[in-house]
Structures are given as C-alpha cells and as structure tokens.
Asks: 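Dumping the structure here so I can ask a few things about it.
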Amino acid sequence: MLITGGAGFIGSHTCVELLRTGHEVVVLDDHSNSSPEALERIAKVAGRPLAATYVADVRDRRSLNAVFTAHPIDAVIHFAAKKAVGESVRIPLAYYDINVGGTMALVSAMHDHGVHRLVFSSSCSIYGNATTVPLTEESPAAPTNPYASTKWACERALADLCQHTPELRVSALRYFNPVGAHPTGLLGEDPRGMPNNIMPFLTQIAVGRREELKVFGDDYPTPDGTGVRDYIHVVDVADGHRVALDHIDDEPGMHVFNLGTGRGTSVLDLLRTFEEASGRPIPYSVTGRRPGDVAELVADPARVAAAWGWSARRDLAAMCRDAWNFQEQNPYGYAP
Ligand code: NAD
Ligand code: WQD
C-alpha cells in the first residue's frame with residue numbers, strides 16, 4: 001500500500017490504522033507541510049515500522065516509478081496536497097499544479113505499473129455555499145475558491161478516467177472538518193505558522209501561544225449566529241480509509257462518500273466543549289465574517305453507513321480532549 005502525504009495530519013493517523021490492521025505501508029511525502037518526526041511516531045504508536053519512506057514530490061515521475069518498481073503496491077491512498085483556502089486564492093496556479101498535477105502524475109504512474117485501486121482525499125469544501133443542509137453526495141458542487149476547485153477538478157477527472165478504464169476503482173472521500181489527535185498524544189495537528197483552522201487555534205490559546213479566539217461573525221442564520229460545521233475525529237477519518245480499502249473491490253468505477261458525523265456544532269458550542277475538556281478558559285471576541293465562509297456545512301452520512309455499515313464513533317468531547325492532550329504534551333508540535 002502506498003500513502004502519499006503519509007506524514008501529514010490525516011495521513012499519519014491513517015498509517016497507524018493500516019499498520020495496526022496488518023497492511024504493509026510505504027509513505028511518500030515531501031515534508032512541505034509535515035515533519036519527518038511524525039513518521040517515527042507512527043511506528044511507535046502502531047508498534048510496527050513502515051515498510052519504506054520516500055522524501056519526494058508526488059509530481060516527480062521518477063520517484064513514483066522508483067516506488068512502484070521497488071514495492072508490491074496493491075492500492076494507493078492519496079493525501080498529498082496543499083490545503084489552505086486563503087493561500088489558494090493568492091497562488092491558485094500552485095494549487096492546480098500540486099493538487100491536480102500531482103493527482104494526474106500519480107494516477108499515470110499507477111496505470112504504468114498496473115495498480116488500479118485509489119482512495120482520494122476530497123473535501124466538503126466542494127459543496128461551497130450550500131443552500132440546504134445536511135449535504136448528501138448528490139448536493140450540487142459549487143466550489144468558491146481555487147483549493148475547492150482543485151478537489152472538484154480531481155473528482156471529475158477521476159470519474160471520467162473510471163468510465164473509460166474498466167479496471168480502475170476509486171473511492172473519493174469528502175471529509176468535513178477533521179479535528180482531534182491520536183489518544184496517545186503522540187500524533188496530532190501541527191500547522192506551520194498561524195493556524196488556518198479553529199481547533200489548532202483553540203489548542204494554541206490553551207497552551208499559551210496565542211491570546212484569544214476571534215470568532216468570525218455572530219450574525220449567521222444559525223441558532224447562536226456563529227458558523228456551524230460537522231467536526232469529525234481524525235481517528236474516525238483514518239478508520240474510514242481502512243474500511244474504504246476493505247470495500248474498494250465491491251463495485252467497479254468511482255464512488256463518492258461523505259465522511260462526517262451528521263451533527264452540526266457552532267463556534268461557541270465548540271469553544272465551550274473545548275474549555276470543559278481542557279479545563280482552560282478561552283478568551284474570545286467577535287469580529288466580522290471571514291471572507292468566503294459559509295453559515296453551515298453538515299454532512300448527511302447515510303450513504304457510507306448503507307454501503308459499508310460504517311459511521312463515525314467519537315464525539316465532540318473526545319475530539320477536544322485528544323486535540324488538547326496532543327498540544328499539552330507537544331506545546332510546539334513536532335519541533336523539539
Ligand atoms: P497535511 O498538510 O497535514 O498533509 C498533507 C501532506 O502531504 C503533508 O505531509 C505534506 O508535506 C504532503 N505534501 C504536500 N504536497 C506534497 C507534494 N507535492 N508531494 C509530496 N507530499 C506533499 O494535510 P491533511 O489535513 O492531513 O490533509 C490531507 C488531505 O486531506 C489533503 O489532500 C487535504 O486537501 C484533504 N482534506 C483535508 C481536510 C482538513 O481539514 N484537514 C479536509 C478535507 C480534505
Ligand atoms: C470552522 C469555523 C469559522 C477560525 C476548512 C476548509 C475546508 C476543509 C476544512 C480542507 C468557521 C470559524 C475559524 C477562527 C473562527 N479543509 N473560525 N475563528 O473553514 O469550515 O473549513 O477546513 O478541505 O476546505 O475551508 O474550517 O476550522 O477554518 O473554521 O471563528 O480563528 O470556525 O468561521 O465557522 P472551515 P475552520
């Protein structure tokens with residue numbers, strides 16, 4: 001099994017789940033947004049080593065060739081991508097190059113080496129400014145920024161390739177808002193610089209690295225006026241990949257699944273649950289809306305439940321507790 005981006009936030013937790021269930025795992029990661037230390041910790045948590053690790057760019061055909069030649073790869077999970085929405089507005093070409101170009105280079109190498117199973121990281125952001133929630137996989141895609149557009153472009157290209165390549169099997173998983181960390185406190189989210197997402201912001205405030213949370217708007221048409229999201233524990237997301245692989249041969253072609261809990265949480269609900277879980281007060285002030293934000297994004301997780309009998313198990317308190325546990329044990333993330 002090859003995992004691109006395996007040293008990253010979701011990739012590292014997925015490596016652990018797959019090692020624990022007996023898979024041989026090869027990781028390819030250029031560490032543009034991760035630390036090699038995460039790879040050491042994966043082996044520690046799983047109690048087994050990775051089969052091999054490659055420091056390489058997923059667009060590099062020579063490295064891909066070397067990986068597929070050296071190892072008996074039967075399936076690929078493709079996490080490697082850039083994921084910062086704001087940055088994607090500033091440097092859209094880099095997002096197309098890495099996210100779309102990287103996916104095409106990978107699929108092309110898979111084709112050359114007779115590998116036909118792919119689990120692809122997609123995103124709830126493809127739904128854009130949703131008008132009805134919860135979102136089913138049939139809800140229209142309407143990306144509102146270049147990052148989301150690259151994920152939607154990959155989904156369309158993969159669906160088209162599947163139509164014309166009978167042996168290809170693709171599971172595209174649209175994650176909602178993955179948060180939390182491994183309960184051991186050894187693996188977690190370690191963003192570089194200022195966090196873009198709310199959970200690492202909360203944990204960094206609690207550990208004393210930042211002053212207060214800016215709540216981006218309290219005038220949305222939601223129960224308390226703040227944005228509502230479907231937060232899902234990263235270990236559940238990782239487990240979803242294990243199950244996706246178990247089911248990838250069920251049917252030919254491309255299949256798309258939401259990975260969410262189906263439960264909506266507002267910014268203030270999350271803040272209060274985090275305060276309880278961490279025992280730390282979180283100062284906050286309300287500011288204006290963040291450009292591009294939407295009021296509410298919540299998954300309808302029925303398709304994945306029907307297809308695989310799978311659903312997310314961990315609640316918001318566990319997400320907050322585990323995120324805090326990682327930050328408390330690693331105040332500066334993977335840095336020494
Ligand atoms: P992450 O940045 O922690 O992990 C991505 C990994 O890919 C990093 O280790 C990075 O070094 C590596 N990488 C980036 N570009 C690369 C390249 N060109 N070649 C090789 N390696 C490269 O991000 P994550 O949160 O773990 O996200 C994983 C995937 O899930 C991404 O595709 C992301 O778009 C998608 N996703 C994430 C979220 C989220 O909120 N975290 C939500 C929906 C979808
Ligand atoms: C959550 C809520 C903010 C920070 C992003 C990507 C999406 C997907 C998941 C990759 C919102 C509010 C946030 C802060 C705040 N990633 N907030 N103060 O924007 O739902 O989704 O991650 O595919 O593509 O866009 O996540 O964590 O940034 O925000 O009030 O300092 O918290 O307005 O309501 P988002 P987030």
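Computed from a prediction, not measured in an experiment: that's the story for all the values here. Note that ligands are numbered from 1 as they come in the structure, with each ligand's atoms numbered from 1 the same way.
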Asks: Please confirm whether Ser123 comes within less than 3.5 Å of ligand 1 when only nitrogen or oxygen atoms on both sides are compared.
Replies: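 N/O-N/O distance under 3.5 Å: no.
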Asks: I need the nearest protein heavy-atom contact for atom 23 (O) of ligand 2: residue, atom name and distance, please.
Replies: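 The answer is Tyr147 OH, 2.5 Å.
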Asks: For ligand 1, which atoms have a heavy atom of His31 less than 4.0 angstrom away?
Replies: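 This gives 11 (O) as the contact atoms.
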Asks: Can you tell me the protein heavy atom closest to atom 13 (C) of ligand 2 and the distance?
Replies: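 In this structure, atom 13 (C) of ligand 2 has Ile198 CB, 3.7 Å as its nearest protein heavy atom.
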Asks: What's the shortest distance from atom 3 (O) of ligand 1 to any protein heavy atom, and which residue and atom give it?
Replies: Phe9 N, 2.9 Å
Asks: Would you verify whether the NZ or CZ of Arg210 falls within 45 degrees of the ring axis of Phe201 while also being under 6.0 Å from that six-membered ring's centre?
Replies: yes
Asks: Considering Tyr231, Phe216, Tyr220 one by one, which has a heavy atom nearer to atom 1 (C) of ligand 2 than any of the others?
Replies: Tyr231
Asks: More than 12 heavy atoms of other residues, nucleotides or ligands under 6.0 Å from CZ of Arg20: is that the case?
Replies: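 No.
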Asks: I need the contact type for Val267 against ligand 2. Using non-hydrogen atoms and a strict under-4.0 Å cut-off, is it side chain, backbone, both or neither?
Replies: side chain
Asks: At under 4.0 Å between heavy atoms, which part of Glu189 makes contact with ligand 1: side chain, backbone, both or neither?
Replies: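 Neither part.
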Asks: Compute the minimum heavy-atom distance from Pro178 to ligand 1 and say whether it is under 4.0 Å.
Replies: yes
Asks: Write down the atom of Ile205, the atom of Glu211, and the distance for their closest heavy-atom approach.
Replies: CG2-O, 3.8 Å
Asks: If you take all heavy atoms of Ser88 and Asn145, which pair is closest and at what distance?
Replies: OG-OD1, 4.0 Å
Asks: What residue and heavy atom of the protein are closest to atom 36 (P) of ligand 2, and at what distance?
Replies: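 Ranking protein heavy atoms by distance from atom 36 (P) of ligand 2, first comes Asn197 ND2, 3.5 Å.
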Asks: Show the nearest heavy-atom pair for residues Ser125 and Tyr147, with the distance to one decimal.
Replies: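 Heavy atoms of Ser125 and Tyr147 come nearest at OG-CE2, 3.5 Å.
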Asks: Checking a contact table here: which protein heavy atom is nearest atom 24 (O) of ligand 2, and how many Å away?
Replies: Ser125 CB, 3.0 Å
Asks: May I ask you to identify the nearest protein heavy atom to atom 11 (C) of ligand 2, giving residue, atom name and distance to one decimal place in Å?
Replies: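 Answer, as residue, atom name and distance: Arg229 NH2, 3.7 Å.
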Asks: How does Leu270 reach ligand 2, by side chain, by backbone, by both or by neither, if only non-hydrogen atoms under 4.0 Å count?
Replies: neither
Asks: Salt bridge (charged side-chain N to carboxylate O under 4.0 Å, His left out) between Asp322 and Arg314: does it pass, once the steps are laid out?
Replies: CA-CA 11 Å; Asp322 292 337; Arg314 293 159 180 86; 5.8 Å; no
Asks: For Arg209, I'd like to know if atom CZ has over 12 heavy atoms of other residues, nucleotides or ligands within 6.0 Å.
Replies: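 Count over threshold, so yes.
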Asks: Looking only at protein heavy atoms, identify the closest one to atom 25 (O) of ligand 1 and say how far it is in Å.
Replies: Lys83 NZ, 2.7 Å
Asks: Take every heavy atom of Asp57, measure it against each atom of ligand 1, and state whether any distance is under 4.0 Å.
Replies: yes
Asks: Salt bridge (charged side-chain N to carboxylate O under 4.0 Å, His left out) between Arg303 and Glu138: does it pass, once the steps are laid out?
Replies: CA-CA 10 Å; Arg303 181 184 283 183; Glu138 302 304 324; 2.6 Å; yes
Asks: Numbering the atoms of ligand 1 from 1, which are under 4.0 Å from a heavy atom of Ile10?
Replies: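 Under 4.0 Å from Ile10, ligand 1 has these atoms: 25 (O), 26 (O), 27 (O), 30 (O), 37 (C), 41 (N).
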Asks: Do His111 and Phe68 have their ring centres less than 6.0 Å from each other?
Replies: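 No, ring centres 6.0 Å or more apart.
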Asks: Return the residue, atom name and 0.1 Å-rounded distance of the protein heavy atom closest to atom 29 (O) of ligand 2.
Replies: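 So the nearest neighbour among protein heavy atoms is Arg290 NH2, 3.4 Å.
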Asks: Regarding Asp57 and Arg59, does a basic nitrogen lie under 4.0 Å from an acidic carboxylate oxygen?
Replies: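 Yes, charged N to carboxylate O under 4.0 Å.
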Asks: Minimum distance, heavy atoms only, to atom 33 (C) of ligand 1: which one of Tyr231, Phe120, Tyr147 is it?
Replies: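 Answer by nearest heavy atom: Tyr147.
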Asks: Mind checking the CD1-CG spacing from Ile98 to Leu93? Nearest 0.5 Å is all I need.
Replies: 9.5 Å
Asks: Can you find a side-chain donor-acceptor pair between Asp29 and Ser34 that sits under 3.5 Å?
Replies: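 Yes.
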Asks: For atom 14 (C) of ligand 1, what's the nearest protein heavy atom and its distance?
Replies: Ser32 OG, 3.3 Å
Asks: Could you check whether Asp249 pairs with Arg169 (Lys NZ or Arg NE/NH1/NH2 to Asp/Glu carboxylate O, under 4.0 Å)?
Replies: yes
Asks: Which residue and atom name correspond to the protein heavy atom nearest atom 28 (C) of ligand 1, and how close is it?
Replies: Phe79 O, 3.7 Å
Asks: What protein heavy atom sits nearest atom 25 (O) of ligand 2, and how far away is it?
Replies: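 That would be Val85 CG2, 3.3 Å.
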Asks: Where's the contact between Ser122 and ligand 1, heavy-atom distance under 4.0 Å: side chain, backbone, both or neither?
Replies: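 Answer for Ser122: backbone.
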Asks: I want to check something: taking the side chain as every heavy atom from C-beta on, are Thr203 and Phe326 in contact at a cut-off of under 4.5 Å?
Replies: no
Asks: With only distance considered, is Ala7 within less than 3.5 Å of ligand 1 through an N or O on each side?
Replies: no
Asks: Side chain, backbone, both or neither: which applies to Lys83 and ligand 2 if a contact is any heavy-atom pair less than 4.0 Å apart?
Replies: neither
Asks: Could you work out, for atom 32 (O) of ligand 1, the closest of Lys151, Arg59, His78 by heavy-atom distance?
Replies: Lys151
Asks: Atom NE2 of His78 and atom CG of Asn99: how far apart are they, to the nearest 0.5 Å?
Replies: 7.5 Å
Asks: What is the nearest protein non-hydrogen atom to atom 3 (C) of ligand 2, stated with its residue, atom name and distance?
Replies: Asp293 OD2, 3.4 Å
Asks: Could you check atom 43 (C) of ligand 1 against the protein and tell me its nearest heavy-atom contact, residue, atom and distance included?
Replies: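 For atom 43 (C) of ligand 1, the nearest protein heavy atom is Tyr175 CD1, 3.5 Å.
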Asks: Which protein non-hydrogen atom lies closest to atom 13 (N) of ligand 1, naming both residue and atom, and how far is it?
Replies: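 Of the protein heavy atoms, Asp30 OD1, 3.4 Å lies nearest.
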Asks: Can you tell me how the ring of Trp308 sits relative to the ring of Phe257, calling it parallel under 30°, perpendicular over 60° and tilted otherwise?
Replies: tilted
Asks: Report the C-alpha separation of Glu24 and Arg48 in whole Å, then their side-chain angles, then the decisive distance to 0.1 Å, and conclude whether the salt bridge (charged side-chain N to carboxylate O under 4.0 Å, His left out) test is met.
Replies: CA-CA 10 Å; Glu24 295 298 314; Arg48 275 182 68 207; 2.9 Å; yes
Asks: Have a look at ligand 1 and work out which part of Ile98, if any, has a heavy atom under 4.0 Å from it: side chain, backbone, both or neither.
Replies: side chain
Asks: Go through Arg242 and Asp246 one step at a time and tell me if the salt bridge (charged side-chain N to carboxylate O under 4.0 Å, His left out) criterion holds.
Replies: CA-CA 6 Å; Arg242 176 186 64 76; Asp246 287 347; 3.6 Å; yes
Asks: What is the closest protein heavy atom to atom 2 (O) of ligand 1, and at what distance does it sit?
Replies: Asn33 ND2, 2.7 Å
Asks: For ligand 2, does Asn177 get within less than 4.0 Å through its side chain, its backbone, both, or neither, judged by non-hydrogen atoms?
Replies: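 Side chain only.
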Asks: Say whether Lys214 and ligand 2 are in contact under the criterion: heavy-atom distance to a ligand atom below 4.0 Å.
Replies: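 Under 4.0 Å: yes for Lys214.
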Asks: With Glu296, which of Asp230, Leu135, Val133 fulfils side chain to side chain contact (heavy atoms under 4.5 Å, CB included)?
Replies: Val133
Asks: Would Arg41 count as a cation-pi partner of Tyr334, with NZ or CZ less than 6.0 Å from the six-membered ring centre and within 45° of the ring normal?
Replies: no
Asks: Quick one: does ligand 1 sit under 4.0 Å from the side chain of Cys124, the backbone, both or neither, non-hydrogen atoms only?
Replies: neither
Asks: To which protein heavy atom is atom 9 (O) of ligand 1 closest, and what is the distance rounded to 0.1 Å?
Replies: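 Result for atom 9 (O) of ligand 1: Asp29 OD2, 2.6 Å.
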Asks: Enumerate the atoms of ligand 1 whose separation from the nearest heavy atom of Ala56 is less than 4.0 angstrom.
Replies: 19 (N), 20 (C)
Asks: Taking atom 16 (N) of ligand 2 as the point of reference, which of Ser123, Gly86, Cys124 owns the nearest heavy atom?
Replies: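 Answer by nearest heavy atom: Ser123.
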